[in-house]
Number of protein chains: 2
Amino acid sequence: MKPYTCGLDAAADVIGGKWKPRILWALSHGPRRFGELRKEVSGVTEKMLIQQLRELESRRIVHREVYRQVPPKVEYSLTPLGETLNVALAPLDLWGAEHMEELESSRC
Amino acid sequence: MKPYTCGLDAAADVIGGKWKPRILWALSHGPRRFGELRKEVSGVTEKMLIQQLRELESRRIVHREVYRQVPPKVEYSLTPLGETLNVALAPLDLWGAEHMEELESSRC
DNA sequence: ACAAGTACCGACTAAATAGTCAGGTACTCA
DNA sequence: TGAGTACCTGACTATTTAGTCGGTACTTGT
C-alpha cells in the first residue's frame, strides 16, 4: 500500500465511504446508540452502518461502549481524535451548507 | 436523487472519488496543464484524470482553458468556487498531515 | 515518410463498495 | 410457549467506480 501523498489524501481515506460523513455528523452532536444512528442516518442499512462504524473504530475515530444489559445497549461516541477530525471538518460542512443550492443543481 | 442532509454530505459528494483530493491539492498550487497533472497525481490513469476533471468542471470547481496551438495545450485551474473549497479543505489537509503516522499504521 | 508530443475518446474488464436477506443471541414479558 | 427488542453476522448479488488498452487528430522535427 502506497504512503499518503498529502494530508488531504490521508484524511479522505478515513472519511471515505458513502455513509461516514453522515455518521460523523450525527456523532458530533453527542454519543448515539446503534438504533439511534440507524434512524438519524436515514437510508443506511444495518450492515453498512456496522461496517462503517467498525472502520471508524479501527481508525480510532469512534469509541464503542457495550452496556451489559437486556435488551443490549451499545453506545458510539467520538474519541478525542474523532473530535479533532470533526473540528477539521467543520469548515467543509459550512462550505457545503453555503453552496448547497448550487451543488444540488449541478448534481446529475 | 435525494437532497443532501447536511453540508458535509454535499461537500463529500463533490470531493468524492479516488483522485479528486489529490487533483485539488495539485491545483491549489496554481494552474496546471493536463500532462503536468498526470505527473503530479502519480498513479492516475489518463482516463480517470479526465473523468474526475470533467466532474469537477461540471461542478464549477475547476476551469478548463484550451489554447489553440499545436501541440495542444489545455490548462486547468481552480474557479473562485474551487478556491473557497480549497480554503475549507485546508484544515482537513492539516489534520491529515498531523495524524499521518497514526493513520498510516491503522490503515489495513 | 514517419516517429514523437499532447490531449483526448470509448469498449471492455476488474475491483471495490453497497444492498438484500436470512439467520443468530440473549434476555424479558405475557 | 411464543413474541418482542436490540445488536449484530455472513452468504450472495448488484451497483458503482476504476483500470486496461487501443485508437484519434494535428503538427513539428529528422
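Below, chains carry the letters A, B, ... as their sequence lines are ordered, and counting in each starts from 1.
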Test: A/R107 cationic atom under 6.0 Å from B/Y4 six-membered ring centre, within 45° of axis: yes
Comparing B/P72 and B/V44 on DNA chain D - which has the more 5′ nearest nucleotide: B/V44
Integer-rounded Å distance: C/dC9 P and B/Q51 CD: 11 Å
Spacing between B/K2 atom NZ and C/dA18 atom C1', to the nearest angstrom: 13 Å
Separation of C/dC8 P from B/K73 NZ (nearest whole Å): 13 Å
Whole angstrom value for the distance that separates C1' of C/dA7 from CD of B/E65: 15 Å
Among C/dC8, D/dA18, D/dC8, the one nearest B/Y76 by side-chain distance: C/dC8
Any donor-acceptor pair under 3.5 Å from A/T79 side chain to A/H63 backbone: no
Out of C/dC8, C/dA18, D/dG19, whichever nucleotide has its closest atom nearest the side chain of B/I50: C/dC8
Audit row: B/N86, B/D93, side chain to side chain contact (heavy atoms under 4.5 Å, CB included) steps and yes/no: CA-CA 10 Å; B/N86 252 356; B/D93 182 32; over 6 Å; no
Phosphate-side-chain proximity, A/Q52 and C/dA18, N/O vs OP1/OP2 below 4.0 Å: yes
Given C/dA18, C/dA7, D/dA6, the nucleotide with the shortest approach to the side chain of B/R33: C/dA7
Nearest-Å distance for atom pair NZ/P, residues B/K39 and C/dG5: 11 Å
Side chain proximity check, A/S77 to A/E65, heavy atoms < 4.5 angstrom: no
Interatomic distance where CD belongs to A/E55 and C1' belongs to C/dA16 [whole Å]: 11 Å
Residue A/R64, side-chain atoms from C-beta onward, closest of D/dC8, C/dT28, D/dG19: D/dC8
Shortest side-chain distance from A/V74, nucleotide among D/dC8, C/dC27, C/dG19: D/dC8
From D/dA6, C/dC27, D/dC8, nucleotide with atom closest to A/E46 side chain: D/dC8
Options C/dC12, C/dA18, C/dT20, nucleotide nearest the side-chain atoms of A/K47: C/dT20
A/K18 side-chain proximity, nearest of C/dC27, C/dA18, D/dG19: C/dA18
From C/dC9, D/dC8, C/dT6, nucleotide with atom closest to B/R54 side chain: C/dC9
Mutual orientation of the aromatic rings belonging to B/W95 and B/H99 [parallel < 30°, tilted 30-60°, perpendicular > 60°]: tilted
Length of the line joining B/L53:CG and C/dA7:C1', which is rounded to integer Å: 11 Å
Closest-nucleotide ordering on DNA chain D, the 5'-leading residue of A/V70 and A/R38: A/V70
Spacing of A/E75 atom CD relative to D/dC8 atom C1', expressed in whole Å: 17 Å
B/R32 side chain to B/Y76 side chain, donor-acceptor N/O pair below 3.5 angstrom: no
Per A/T45 side chain, nearest of listed nucleotides C/dT20, D/dA6, C/dT6: C/dT20
